[in-house]
> 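Have a look at the structure that comes next, please.
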Amino acid sequence: MDADKNAATRPSMKIGELAKTANISTRLIRYYEEQGLIESTRAANGYREYDPVLVDRVWQIRGLLEASIPVKIIRDILPFLDDPCDIHVTEASPELIAALEEQHEQMDQRVHFLTRNRDAIAAYLESIRGARHL
DNA sequence: TTTCTTACA
DNA sequence: TGTAAGTA
């Protein structure tokens, strides 16, 4: 079924390939790994090998990071993102829960902030377009 | 050629 | 984060 373009979930992607596929630098990939955000195995020659599913994982990490979520928290919720069914919730410490609630609240505020500005810009654009037609 | 580690800007 | 150096 998959002869050439489907190496779906096999631990074999070199850092350069992952970088190109996920559109991030190899430098950042190594950095995420240093921070314990992603894992990799090592080939006999010492080269890192990545599971192709990390392409998505990297995007999730970027999103979380861009939302200013601390690496410490990302580390804790990443395993949950892997299998949402896994019951990490049961062992979530009060500290983690508190941190996540705070982050959630902050994200909510950002969403409102962005929404408001987006609408303001949309309205401004509208008025400009209208004026242009005069 | 690609990747690795370490380190500086 | 990018980039340089010296390897494997």
Side-chain angles (χ1 to χ4, degrees):
Chain A
M1 276 190 173
D2 49 64
D4 39 46
K5 212 174 182 180
N6 276 323
T9 53
R10 199 51 59 177
S12 61
M13 214 181 194
K14 286 189 297 184
I15 194 169
E17 304 177 289
L18 177 59
K20 184 179 179 182
T21 306
N23 281 305
I24 66 172
S25 64
T26 57
R27 175 76 168 83
L28 207 46
I29 292 176
R30 296 197 185 91
Y31 179 67
Y32 287 169
E33 201 174 325
E34 253 186 291
Q35 302 304 301
L37 269 28
I38 57 177
E39 289 177 17
S40 75
T41 58
R42 292 283 182 157
N45 57 11
Y47 286 12
R48 269 170 264 249
E49 293 186 317
Y50 299 94
D51 184 314
V53 303
L54 290 182
V55 174
D56 292 316
R57 164 83 72 100
V58 166
W59 269 91
Q60 291 179 127
I61 294 175
R62 292 187 86 195
L64 262 13
L65 247 25
E66 279 166 32
S68 297
I69 294 177
V71 173
K72 198 276 186 184
I73 290 180
I74 296 180
R75 242 185 241 123
D76 292 325
I77 64 178
L78 234 32
F80 174 73
L81 293 181
D82 270 343
D83 18 1
C85 296
D86 206 339
I87 318 298
H88 278 69
V89 185
T90 306
E91 359 179 357
S93 69
E95 289 70 29
L96 175 58
I97 292 176
L100 290 178
E101 289 180 325
E102 188 185 314
Q103 291 300 156
H104 181 273
E105 177 57 36
Q106 283 178 33
M107 290 176 87
D108 212 38
Q109 285 177 41
R110 290 194 206 101
V111 169
H112 291 315
F113 176 78
L114 288 174
T115 298
R116 179 163 184 159
N117 282 133
R118 179 203 59 190
D119 292 343
I121 290 176
Y124 179 64
L125 251 22
E126 271 305 300
S127 65
I128 289 180
R129 294 193 179 102
R132 223 169 35 187
H133 293 166
L134 295 178

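Chain A is the first sequence line, chain B the second, and so forth, proteins listed ahead of strands; every chain is numbered from 1. If you're wondering where the values come from, they're calculated on a predicted model, not measured in any experiment.
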> Check whether the side chain of A:Tyr47 and the base of B:dT2 form a donor-acceptor pair under 3.5 Å.
yes
> Mind calculating the distance between CD (A:Glu17) and P (B:dT3) to the nearest angstrom?
8 Å
> B:dT3 C1' sits how many Å from A:Arg48 CZ, rounded?
8 Å
> Closest approach of A:Leu37 and A:Leu78, non-hydrogen atoms and distance?
O-CD2, 3.1 Å
> So A:Asp51 and A:Met13, do their side chains get closer than 4.5 Å, heavy atoms only?
no
> Starting from P on B:dT6, measure out to CZ on A:Arg30 and report it in whole angstrom.
12 Å
> Quick check: on DNA chain C, is the nucleotide nearest A:Leu28 upstream (toward 5') of the one nearest A:Asn45, or the reverse? Name the residue that is more 5'.
A:Leu28
> Might you work through the salt bridge (Lys or Arg N to Asp or Glu O under 4.0 Å) test for A:Lys20 and A:Glu17, ending with a clear yes or no?
CA-CA 5 Å; A:Lys20 184 179 179 182; A:Glu17 304 177 289; over 6 Å; no
> Starting at atom NZ of A:Lys20, determine the distance to atom P of B:dT2, rounded to an integer number of angstrom.
10 Å
> To check you understand the geometry: which heavy-atom pair defines the closest contact between A:Ala19 and A:Ser25, and what is its length?
CB-C, 4.2 Å
> If you check every side-chain atom of A:Lys14, which of C:dT1, B:dT2, B:dC4 has the closest atom?
B:dT2
> Let's see if you can work this out: which of B:dT2, B:dC4, C:dT1 has an atom nearest to the side-chain heavy atoms of A:Arg42?
B:dC4
> Write down the atom of A:Ile73, the atom of A:Ala99, and the distance for their closest heavy-atom approach.
CD1-CB, 3.5 Å
> From CZ of A:Arg27 over to P of B:dT2, roughly how many Å is that when rounded to an integer?
20 Å
> According to the Watson-Crick and G-U wobble definition with distances under 3.5 Å, which dot-bracket string, read 5' to 3', encodes DNA chain C, using [ ] for crossing pairs and | for pairs with another strand?
||||||.|
> Rounded off to whole Å, could you give me the CD-to-C1' distance for the A:Glu34 and B:dC4 pair?
12 Å
> Would you say a side-chain N or O of A:Thr26 is under 4.0 Å from OP1 or OP2 of B:dT3?
no
> Could you give the CD1-to-C1' distance, from A:Ile29 to C:dT3, as a whole number of Å?
16 Å
> Quick one: closest heavy-atom pair of A:Leu100 and A:Ile77, and the distance?
CD2-CG2, 3.6 Å
> Taking atom types as modelled and ignoring hydrogens, do the side chains of A:Glu33 and A:Ser40 form a donor-acceptor contact shorter than 3.5 angstrom?
yes
> Using whole Å, what does the distance between atom C1' of nucleotide C:dT1 and atom CG of A:Leu65 come to?
13 Å
